[in-house]
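The next block holds one structure in the form of structure tokens; read it before the comments.
Within every chain, numbering begins at 1; the chains are lettered A, B, ... in the order of the sequence lines, protein sequences first and strands thereafter. Just so we're clear, the structure is a prediction, and the values are computed from it rather than from any experiment.
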Amino acid sequence: MAKGITSRATDYSKWYGDVIAQAELADYSPVKGCMVIRPNGYAIWEAMQRELDARIKATGHENAYFPIFIPESFLTKEKEHVEGFAPECAVVTHGGGKELEEKLYVRPTSETIMYAMFSQWIQSWRDLPLLINQWANVVRWEMRTRLFLRTLEFLWQEGHTAHETFEEAEAEARKMLGVYQEFAETVMAIPVIPGKKTDSEKFRGALHTYCIEAMMQDHRALQAGTSHHLGQNFSKPFDVKFQARDATLQHVWQTSWGVSTRLIGAVIMVHSDDHGLVLPPKLAPQQVVAVPIWQSEDDKAKVTAVVKKIEDGLAGRVRFKADLREQYKPGWKFFHWEARGVPLRLEIGPRDVAAGQVVMVRRDTGQKTTLTVESFLEKCESLLAEIQQGLFDKALAFRKKHTHVMDSWQDFTKLMEGEEGFVYAGWCGKVTCEEKLKNETKATIRCIPDDSHPEPGKCLVCNEPSRRRVIYARAY
RNA sequence: CGGGGCGUAGCUCAGCUUGGUAGAGCGCGUGGUUUGGGACCACGAGGCCGCAGGUUCGAAUCCUGUCGCCCCGACCA
């Protein structure tokens, strides 16, 4: 068994930390609550950025960069927003050895500083829509942190747009949620449920919030992305106005949306196993690793020649690495690359060279296949695609298996005290029911799912009439 | 901020009860033999025992304080 990795069944939380440590994705930092993203982890983030950035640009958005410091007066302009964020902000009081006249908040998100600029940039309806995205770090002073899932500082992408009408902003918020869903499912191989947050779970300052929710292997929910329709809640205090087609002066309708390095945590918790990290090929820094095996110098020359041939054959198509280090034995390398989640491993020894073959091992299934070098070179990309799809299918089947349709409070509490899972059940719409639910079961309404057809029933908590089922679960 | 645990070599930990000046395994360096699922031998480097006081002839060990970290809860992407 894998050294240094606690099994999921023994201690899920310890397993999560062990996988990160063994794969060298991140380290705890000297600063409490912060993390260091190591090269292996950062390479995953870069792959995500590459894929998502292309999608953001393809939908007409442009990248820009705004300051990390926000004047205190900006943050306090939107009442609900400041109530939501002020308690968890880091504040700079001194600079250049002097106390500042106005405190500077380290951005917890950039709505305020961006919209102060938007108000200067927008004059006419011809300036709309304004479609901006930024890749940045943000800081939120969380009480309890976990690597990738919740740290004081994290990396993310935040899109901010301004539109002429409610309908346009609504369409934008919806569109970007769709982009997130497609990204999560095709790149990260994580099936997600798109839906809408209840008022108590929405972003402070938004009209309403859309989200995608994913199920982890401990059956808990993780919010994988959010998209907010901000209405005119920010354009009014920040005076973001434009002269409309009918010559009247109006406030813009806005959206904001983001995903963060938290998604790396999701990838780990959805796909990995007791041997360590399992990465979807599209995110893997190395998609194929070759481990050569030899005894004699003569073997060594022949084996390395085949490795070179494969390297050349894959160049420009597949991210390939040959592990030619001589201080480690093949067995050690097998475990090493397994813990790092490399999708495909090739074992190439004298026997294989003689037969013109390689031994190929899939990280996701452990399946070993012997095939000719030519055939491997030909099939490599389709195999990676197959693994990508296989991971998604597996995660989807897992989610379905642990998703239940329920009507009884007793059944629900029993499930939450045991194996947990996603539950489709009715909700009357009252906040008091959400609070009672949270206090008694630690579960929350994750979202009002898009796929939930109106279905008259009764509220899981109070038994009063409900018009549709929502998703209940415990969440990260 | 509550509850629980832990700070001794890069990592995992032993030593502490009953004070006598620091150990193991892994890892690391050098040389050699090895190489199809975590190789072996030899030699070697590496620690003011989290920090600060106190008790004592003498403290990793006893006492007081303090700081930090991890896990579980309340808040959150």
Write down the distance separating the [atom1] atoms in [N] and [M], rounded off to the nearest Å.
N: B:U8; M: B:U12; atom1: P; value: 8 Å
N: B:A22; M: B:U33; atom1: P; value: 38 Å
N: B:G31; M: B:G23; atom1: C1'; value: 26 Å
N: B:G7; M: B:C13; atom1: C1'; value: 12 Å
N: B:G20; M: B:G27; atom1: P; value: 32 Å
N: B:A9; M: B:G44; atom1: C1'; value: 15 Å
N: B:U17; M: B:G10; atom1: P; value: 26 Å
N: B:U56; M: B:U64; atom1: C1'; value: 16 Å

Just to be sure I understand the rule, does [X] reach a base, reach only the sugar-phosphate, or reach nothing, if contact means heavy atoms closer than 4.0 Å?
X: A:Glu142; result: base
X: A:Pro350; result: base
X: A:Tyr28; result: sugar-phosphate
X: A:Asp352; result: base
X: A:Lys438; result: sugar-phosphate
X: A:Arg345; result: base
X: A:Leu149; result: base
X: A:Val259; result: nothing

Side chain of [X] (C-beta onward), nearest among [options]:
X: A:Arg140; options: B:U35, B:G37, B:C76; result: B:C76
X: A:Thr151; options: B:A77, B:C70, B:G37; result: B:A77
X: A:Ile293; options: B:C75, B:U35, B:C70; result: B:U35
X: A:Glu88; options: B:C76, B:G37, B:C70; result: B:C76
X: A:Phe335; options: B:G36, B:C75, B:G38; result: B:G38
X: A:Lys329; options: B:A77, B:U35, B:A74; result: B:U35
X: A:Ser260; options: B:G36, B:A77, B:U35; result: B:A77
X: A:Ser13; options: B:A77, B:C71, B:G36; result: B:C71
X: A:Met143; options: B:A74, B:C76, B:G36; result: B:A74
X: A:Arg262; options: B:A77, B:U35, B:C71; result: B:A77

- Message: By nearest heavy atom, map A:Leu222 and A:Asp11 onto RNA chain B; which one lands nearer the 5' end?
- Response: A:Asp11
Looking at [N], which nucleotide sits across from it as a Watson-Crick or G-U wobble partner, both distances under 3.5 angstrom, or is there none?
N: B:G31; value: B:C41
N: B:U18; value: none
N: B:G7; value: B:C67
N: B:C75; value: none

- Message: Exactly one of A:Leu279, A:Ile20, A:Leu25 should register a side chain to side chain contact (heavy atoms under 4.5 Å, CB included) with A:Asn40. Which one does?
- Response: A:Leu25
- Not counting sequence neighbours, which residues clear side chain to side chain contact (heavy atoms under 4.5 Å, CB included) with A:Met35? List them please.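 If we apply the side chain to side chain contact (heavy atoms under 4.5 Å, CB included) test to A:Met35, skipping adjacent residues, the hits are A:Ala26, A:Ile37, A:Leu147, A:Phe148, A:Thr151.
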Distance check needed: [N] [atom2] versus [X] [atom1], whole Å only.
X: A:Met35; N: B:C69; atom1: CE; atom2: P; value: 16 Å
X: A:Gln357; N: B:G36; atom1: CD; atom2: C1'; value: 14 Å
X: A:Trp141; N: B:A77; atom1: CH2; atom2: C1'; value: 17 Å
X: A:Glu347; N: B:G38; atom1: CD; atom2: C1'; value: 14 Å
X: A:Ile268; N: B:A77; atom1: CD1; atom2: P; value: 20 Å
X: A:Trp156; N: B:C76; atom1: CH2; atom2: P; value: 15 Å
X: A:Phe334; N: B:U35; atom1: CZ; atom2: P; value: 14 Å
X: A:Tyr476; N: B:A74; atom1: OH; atom2: P; value: 14 Å

Below 30° counts as parallel, above 60° as perpendicular, anything between as tilted: where do the rings of [X] and [Y] land?
X: A:Tyr115; Y: A:Phe118; value: tilted
X: A:Phe398; Y: A:His402; value: tilted
X: A:Phe234; Y: A:Phe238; value: parallel

- Between A:Asp273 and A:Arg363, is the closest basic N to carboxylate O distance under 4.0 Å? yes
- Message: Between A:Glu182 and A:Arg55, does any side-chain N to carboxylate O distance fall below 4.0 Å?
- Response: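 The answer is yes: the pair qualifies as a salt bridge.
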- Message: Is the distance between the ring centroids of A:His81 and A:Phe203 under 6.0 Å?
- Response: yes
- Hey, does the side chain of A:Thr109 come within less than 4.0 Å of B:A77's phosphate (OP1/OP2), counting only N and O? no
- Message: Does a side-chain N or O of A:Arg144 approach OP1 or OP2 of B:A74 to a distance below 4.0 Å, or not?
- Response: no
Filtered N/O pairs between nucleotides 25-33 of chain B and protein, under 3.5 Å:
residue : atom : partner  : partner atom : Å
B:C28   : OP1  : A:Tyr328 : OH           : 3.4

- Message: What's the separation between atom NZ in A:Lys196 and atom SG in A:Cys447, rounded to the nearest 0.5 Å?
- Response: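 Atom-to-atom, A:Lys196:NZ and A:Cys447:SG are 11.5 Å apart.
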- Query: Looking only at side chains, do A:Arg8 and A:Thr10 share a donor and an acceptor under 3.5 Å apart?
  - Reply: no
- Query: What pairs with A:Asp364 under salt bridge (charged side-chain N to carboxylate O under 4.0 Å, His left out), at least two apart in sequence or on another chain?
  - Reply: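 Here the qualifying residues are A:Arg362.
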